Protein chains: 2
Amino acid sequence: MAQWIWYPSDFEFYMGMKVMSARTERGLVITPGWRMENFYNSVRFSKKFELDEDAYIKIHSTGTQCVQLDYGWYAHYNPEEGLPVTKGRHVICINVYSSTGLPSIYINCPGLETGEGWTVTCDGRNWKPAGYWNFTDVHTPPTDFALETKPIKPTEIMDLQDGTLYDFGQETMGYLKGEGVTGSGHLVICYGESKEEALDTEECCIIEQVDVGADTKEFRVPRAQAFRYIYIPNVPGISIAHLSADYEYLPIINQGKFESDSELLNRIYDISVRTMHLTTREFFLDGIKRDRWVWSGDASQSYLMNYYSFFDNDVCKRTMRFIRGKDPLATHFNTIQDYTLYWFDSLWQYYVYTGDRCFLEEMYPAACSLMNNYCLPRTDERGFLKADPQDWVFIDWADIPNMNVGDISFIQFLFAYALKAMANIAKVMQDNQAEERYESLFKSLIDKVFQTFWSDEKGCFTHGPACEPNAIVTRYANMFAIIWGCLDEKKKKSVIENVLCNKEVYEITTPYMKFYELMAFSEAGMHEETEKYINSYWGDMLRLGCTSFWEKYDPKNSGIEHYAMYGLKYGVSLCHAWGAGPILLFAKYYLGVRPTTPGYRNFVVAPHLIGGKQISGQVPVPHGCIKVQLTQENVIVENLSKGIGELHIDGKIYEIPPEGGVDIKRHEENK
Amino acid sequence: MAQWIWYPSDFEFYMGMKVMSARTERGLVITPGWRMENFYNSVRFSKKFELDEDAYIKIHSTGTQCVQLDYGWYAHYNPEEGLPVTKGRHVICINVYSSTGLPSIYINCPGLETGEGWTVTCDGRNWKPAGYWNFTDVHTPPTDFALETKPIKPTEIMDLQDGTLYDFGQETMGYLKGEGVTGSGHLVICYGESKEEALDTEECCIIEQVDVGADTKEFRVPRAQAFRYIYIPNVPGISIAHLSADYEYLPIINQGKFESDSELLNRIYDISVRTMHLTTREFFLDGIKRDRWVWSGDASQSYLMNYYSFFDNDVCKRTMRFIRGKDPLATHFNTIQDYTLYWFDSLWQYYVYTGDRCFLEEMYPAACSLMNNYCLPRTDERGFLKADPQDWVFIDWADIPNMNVGDISFIQFLFAYALKAMANIAKVMQDNQAEERYESLFKSLIDKVFQTFWSDEKGCFTHGPACEPNAIVTRYANMFAIIWGCLDEKKKKSVIENVLCNKEVYEITTPYMKFYELMAFSEAGMHEETEKYINSYWGDMLRLGCTSFWEKYDPKNSGIEHYAMYGLKYGVSLCHAWGAGPILLFAKYYLGVRPTTPGYRNFVVAPHLIGGKQISGQVPVPHGCIKVQLTQENVIVENLSKGIGELHIDGKIYEIPPEGGVDIKRHEENK
């Protein structure tokens, strides 16, 4: 089937520009301060082919086209009729130029069709396999890509404060529409993720303005925006008979399931999935009101949650391509040092979960260049990644002294595991030399990390070098050490005792890092702590009426204090991807499913009860899913995949056959 | 005066995309195979400033705008009213995004106006001085830049071949317009630089198509095209009362003059100036029909001709910025090795002629990076510039065996003088370390060039290494050695005898390389040969009725054979910048004016008679001109500049004072 083709990753840069310029505040477009990549405006496609018959080759393109056949002069032809080509072997080169839209072509002729096997160059020198994705309809080029929409209506309409408040019942995102509009004047539409925000016409973050003329019978605002509530102050003479919206979404379906005895946990799961769906669009966004941007650190959690819910490879690939950008890089991803480092492990984890070797192959040169040309030249004699004075070392929002300065255990740990990811990837690519080099760099760095940051005295990793007199302990490096499983039993026990269970150590307050801390709790078998935290943290947000999970929640706040951030009364994003962490926690640690070889060729099911006496659910895997039902009495696993699993339960291991299942009665004593 | 500002060189890349996609053949847009640079779509401007009063700062922008004042959160303001700012000191950062047009801003408030002193970044990290140029009107942002137009009419209209032929009297470029159009149908407009081309509806290079509907009273084709003749085949029912055009041109004025006793030479001068004006547009183009592209090698001649005619610094700067492109380069300029090398000397010569240090300063980092990161890493142990297998080593069109392979004296000479240019530039930039390095690289390379390519046996430079048994002689390195003046008297004499005057050595057949050969003739004092050649080569084109000079002319051809190239019946460009060489030859070698220190602070006038008993003319210099009148009896030089000159005549030297003149009676014996 013929496909529209383009320069690889340029579809992502083309869409990325639109996405990164879609955030508004009080009607002003807020764009990021880092570099925005553009697609190449002029590219050259090429293919060798053979025709059985003379033919007219019709070239559909999203820009100007000119053709050189068999390396000859530019062909003179009528694009409507097609390029006349005689039967036999040929080489075609097609230049396509567009100043505004992604240059792409579509050919569907016997003997020559666009798709796999085409190459493309932006400079006449370096040829790459052309990019393509699902654009098989000649009438729908990639420049026409749009998310889907469906109409939604408010669930409640109230006259308030000399205006009308529309409640759409839950957090959503879409294009607001007015129908049956009469009168004329200037409407200001106030959006709110909370009721308070919508009603606060002076300080709500999102507004749209509509000029209503005598002929305006209906309107649709040009931008999809995030909201639950809409407030429209009355304008004398104007009335709107019906206000509704076109909900805009990526058409993907949650392929995971989770159910427990706890209605609260079930609701937490559902709202997590909705939060995840709303933030999963052209790319993984951080939040749908703010920032509406693609942040590498945020995305690295979204990938993982996606593997346990929508299992949509495409959005992962789009996001990773977009974040990677073009060489030469001028800054770390999103200007943040840690955000570059996450990308490597995210790429490796993508392979672990999906088994999609093609994408590894596509990204391998870019991954190597990122490591070899950007990261490794920024290391010191110990192999530590240095920060330029202008680099942003984020780690987390936390009020910890010297959190972001000097040698930081967490950053060097991340860097070590970026090297490890590269070694793993190089191995899959059968690039032995690179594998050995990355493996050896990893080993030498991880040794140095232990030497520098492990404190025998404190029984854990310190934040800065352990030898410094004022060395403090933070959770970051310690919890990642647990997740990565790089500690011996003694050290692991020590870290659990001295850090994970130690209330004296600076607490994690953001759901962002809480995601990893709860993973660490789970890895350390601290299921009760996890459950307790989920019930209180996410449970509290639900009790406060949330319909999607928030960017941050602090139980010490009350009322609209919850919404304030960055000096803005409603600065907090109330639908933030990193709030959806329970998706992963429930599936990976309670249903207990995880791949042990890439693409779930082998996997483990190690379930654990939460929220009562039984849980059940399913986890998507490539071409199938794994269903788990756990009660105190028994455990049933259905393997609807070709992988081979192991059930780990009550200290025993049972093999789970491909496309088969196990139904195990649990021993009384293990309940 | 406030100025629109943008990311430096991005105005050139923005315009460059339009220019490089304006070439058509038979209605198809022909784009180059090398990389087309785009502007950055999202940039961030910044400035420290102080206000005496509270004010509303109105920011005009060609894209979305968002502002951070004093490094705070994004400001909420009404762009129509302006940003409220209190009196006192502030720092403003403004993000501007546009997907389609160059992002630029304009502010004209007391205490804060755009122009010099602003910085801009595309990545939030690397800040550069913002670019600006003559856009002082708030209502005319750089995205509105357009060349000027004025109406022109055909000088003759003929009914021919079941159609109408319009002769506009001379080669021109513009938008064709029809008025008083009646009827309906599909018009095909055939353009011709020659009458034969216009009438050849099947093979003329340029066509435009116009759909005439019942309501079409007039039309204007969307593209400016090159033509002298227009042929419109009759379409039953359609008539056009008036066909005319909007001539499109860069509003610059020839500030040079040349007159001699020879009407032919005077006409050659006028047509050269017209050729030069037609090809001097947004940038220096090679030709206005084909390629309509910016070629670095062609431009390097246009710069020089410009200094002796229009003396427009701006088009030089635009062209040099555009050609330089963005790092990292993927290929040599226009993919041609020699074309990268010309750029360096062109930059240096720009300074020599204009004295514009600011532009050197602007381009210095890009020049260093081009040399250090692109050229020098491609040298071998001898310091020779290597060609990648895919590099195009052009030199010239010539049927010479092994013209473009192996070690080539001409290429290494060019490279040496690129290094010399860099040493000169570094000296002006007071970058002593770089100056020493480039100077030493130059010296070592030029030694190696002499060692490798000078043949004592042949008394000249060979094309490949002199030691090779089949080493042949070509003119390229030899004539450049004369131009650059790097030969001692003995070698110079030998080269003149063995190459310049030697008809056995492969002849130069293109006006491109003829430009340099005639310069070499002149430098070698071979004025008669030059005059003879000008009279025959350019004279012949005039006798064939040309109204602008051609890309190539071969006296062996006749009739429409003159127009054929690249397998196209009318492939030759009949208005080609490199055809305008007499501009430089007449001014530099007959009026004899040239700078000896940058910006004509010092200069030489060494006139020589051509075409009869007297010549007169003027040469533009920064802020003035130098007028020269030479007869057999006397020579008058008027120096309308602040520079100090020397008149070299008849073996004597006379000082020419600033803003003064000399009037010298020549000795009988020297006439």
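Just so it is clear, the model here is predicted, and its values are computed rather than measured. Proteins come first, then strands; the chains are lettered A, B, ... in the order of their sequence lines, and each starts at number 1. Just so you know, these numbers use all the heavy atoms, side chains as well, and skip hydrogens, waters and symmetry mates.
Atoms CD and CG, on Glu37(A) and Asn38(B) in that order, are 11.5 Å from each other to the nearest 0.5 Å. Atoms SG and CG, on Cys66(B) and Leu28(A) in that order, are 7.5 Å from each other to the nearest 0.5 Å. Here the CZ atom belonging to Phe39(B) is positioned 8.0 Å from the OG atom belonging to Ser99(A), to the nearest 0.5 angstrom.
Looking at Asn78(A), neither its backbone nor its side chain comes within 4.5 Å of chain B, counting heavy atoms on both sides. Only the side chain of Leu568(A) comes within contact range of chain B, with at least one heavy atom under 4.5 Å from a heavy atom of that chain. Contacts between Tyr77(A) and chain B at a heavy-atom distance below 4.5 Å involve backbone atoms as well as side-chain atoms. At a 4.5 Å heavy-atom cutoff, the contact between Pro79(A) and chain B is made by side-chain atoms alone.
Most heavy-atom pairs under 4.5 Å with chain A: of the set Val43(B), Asn95(B), Thr64(B), this distinction falls to Asn95(B). Among Lys18(A), Arg44(A), Gln68(A), Arg23(A), the residue with the largest count of heavy-atom pairs under 4.5 Å with chain B is Arg23(A). Most heavy-atom pairs under 4.5 Å with chain A, from the set Met20(B), Gln65(B), Arg125(B), Glu25(B): that is Arg125(B). Most heavy-atom pairs under 4.5 Å with chain A: of the set Gly124(B), Ser42(B), Cys122(B), this distinction falls to Cys122(B). When each of Trp73(B), Trp34(B), Tyr566(B) is checked for heavy-atom pairs under 4.5 Å with chain A, Trp73(B) comes out on top.
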